[in-house]
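Letters A, B, ... mirror the listed sequences (proteins, then strands); counts begin at 1.
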There are 2 protein chains.
Amino acid sequence: MPRTLLERPDAVRALASVFRRRGFESSSLSVIQQEAGIGRGSLYHFFPDGKTDMARAVLDQVSDWFEDEVFVPLRSATDAAEAVSAMTKAVADYFVSRENVCLFAAMTLGEEKETFAAEVKAYFVDWVDALAALLQRGGLTPEDAHENALDAVAMIQGGLIITRAYGDESTFLGVMERVERRLLAQLS
Amino acid sequence: MPRTLLERPDAVRALASVFRRRGFESSSLSVIQQEAGIGRGSLYHFFPDGKTDMARAVLDQVSDWFEDEVFVPLRSATDAAEAVSAMTKAVADYFVSRENVCLFAAMTLGEEKETFAAEVKAYFVDWVDALAALLQRGGLTPEDAHENALDAVAMIQGGLIITRAYGDESTFLGVMERVERRLLAQLS
DNA sequence: GTCTATAAAGCGATAGAC
DNA sequence: GTCTATCGCTTTATAGAC
């Protein structure tokens with residue numbers, strides 16, 4: 001008899017957690033089976049093309065979250081300062097609750113980097129461009145807006161790396177505070 | 001007869017190049033053998049404990065380079081502004097000539113992250129602390145110095161990620177320019 | 001939709017000749 | 001110091017019962 005009946009989105013969430021904790025390449029199917037609590041049969045039922053399919057589904061889910069919770073709010077905001085604060089808060093909460101790992105950043109290294117190069121590029125382009133457009137609406141020149149947006153996203157991503165190296169979550173929160181402060185300073 | 005007689009440092013350099021291009025976990029011994037041009041027998045002669053030994057040797061070599069070319073100059077500098085410019089130039093040249101990959105950052109994810117956690121932490125602590133001490137000598141408060149140092153290293157590391165995602169080297173050079181400019185602005 | 005058993009390939013590591 | 005052959009194990013993926 002089946003252990004548990006699963007919805008695909010639940011499976012994707014469980015996979016994402018395993019990939020964040022162990023990395024994509026060292027998450028073997030045996031490990032995934034154990035740590036996600038999903039049998040091999042179910043995995044290949046939901047993801048017929050195997051591990052690559054699982055990675056794609058996970059990246060899609062992360063991408064959807066950022067689209068809804070970060071990029072759309074940035075694009076539709078009228079108050080630039082308010083939108084900057086909302087973004088830094090949403091992003092800080094997101095990564096703190098997800099092992100301080102950005103799966104798109106992880107995909108810029110290793111085996112699967114060519115496979116997902118287009119998706120990874122789109123993620124960062126969408127983020128930087130949405131933030132840059134907001135900063136421009138807040139009064140910055142196109143060049144300043146783009147540079148400040150790119151630097152902010154870079155600082156967030158680098159902050160995740162250093163936070164994992166330090167093993168100290170407050171490091172990331174400090175970085176996020178200063179990202180917010182620096183962006184707000186540009187708007188005033 | 002032996003194909004080529006190799007010195008260990010040459011082998012380490014070749015390994016580093018393979019690890020940067022393919023990542024540690026997807027560099028199988030067959031791949032290493034082919035791309036580094038070192039036979040299996042030689043690899044286990046130089047690195048008796050296998051892949052972990054190879055990774056340790058590569059990280060040690062990177063660490064030595066940063067110690068000599070970045071950390072020591074930062075610690076011994078008297079002119080803070082000059083030292084900031086020297087650091088950003090050295091670091092920019094280094095990563096541009098090495099596939100825009102920081103192997104220590106790569107080791108914050110995946111299989112071997114526990115194995116090298118201490119070395120990885122030491123690398124980032126040494127870098128941030130050496131830069132913070134310099135900024136403090138340049139007139140910043142201890143708190144401001146440490147925050148600005150950490151943010152600079154984070155921006156560099158995040159800049160590498162976005163540069164790989166964009167597939168465009170000039171992105172990294174732009175980030176490095178602005179890291180330099182921001183640090184110099186603090187010193188004036 | 002989930003299970004177990006198994007196939008085929010690749011893995012890291014070792015041994016022993018040269 | 002380098003080579004090749006090989007061991008034992010794990011890997012991804014598949015097949016077929018339930």
Under-4.0 Å side-chain N/O to phosphate OP1/OP2 contact, [X] with [N]:
{"X": "A:His45", "N": "C:dG1", "answer": "yes"}
{"X": "A:Ser28", "N": "D:dT11", "answer": "yes"}
{"X": "B:Ser30", "N": "C:dG10", "answer": "no"}

With a 4.0 Å cut-off, would you call A:Glu35 and A:Arg21 a salt bridge? yes
Charged N to carboxylate O under 4.0 angstrom, A:Asp53 versus A:Arg56? no
Rounded to whole Å, please give me the gap between [atom1] in [X] and [atom2] in [N].
{"X": "A:Glu25", "N": "D:dT11", "atom1": "CD", "atom2": "P", "value": "14 Å"}
{"X": "B:Ile32", "N": "C:dG12", "atom1": "CD1", "atom2": "P", "value": "7 Å"}
{"X": "B:Glu111", "N": "D:dT10", "atom1": "CD", "atom2": "C1'", "value": "12 Å"}
{"X": "A:Gln33", "N": "D:dT12", "atom1": "CD", "atom2": "P", "value": "11 Å"}
{"X": "A:Phe47", "N": "C:dT2", "atom1": "CZ", "atom2": "P", "value": "11 Å"}
{"X": "A:Tyr44", "N": "D:dA17", "atom1": "OH", "atom2": "C1'", "value": "19 Å"}
{"X": "B:Arg40", "N": "C:dG16", "atom1": "CZ", "atom2": "P", "value": "18 Å"}
{"X": "B:Ile38", "N": "D:dT4", "atom1": "CD1", "atom2": "P", "value": "15 Å"}

So does A:Lys121 have more than 12 non-hydrogen atoms from other groups sitting under 6.0 Å from NZ? no
Is it true that A:Leu131 and A:Val72 fall in one hydrophobic cluster, defined by side-chain heavy atoms closer than 4.5 Å? no
For residues B:Tyr166 and A:Phe124, establish whether the separation of their ring centroids is below 6.0 Å. no
Which listed nucleotide (C:dG12, C:dC3, D:dT2) is nearest to the side chain of B:Leu29? C:dG12
NA contact type, B:Phe46, heavy-atom cut-off 4.0 Å: base, sugar-phosphate, or nothing? sugar-phosphate
5'-most by nearest nucleotide on DNA chain D - A:Met54 or B:Gly41: B:Gly41
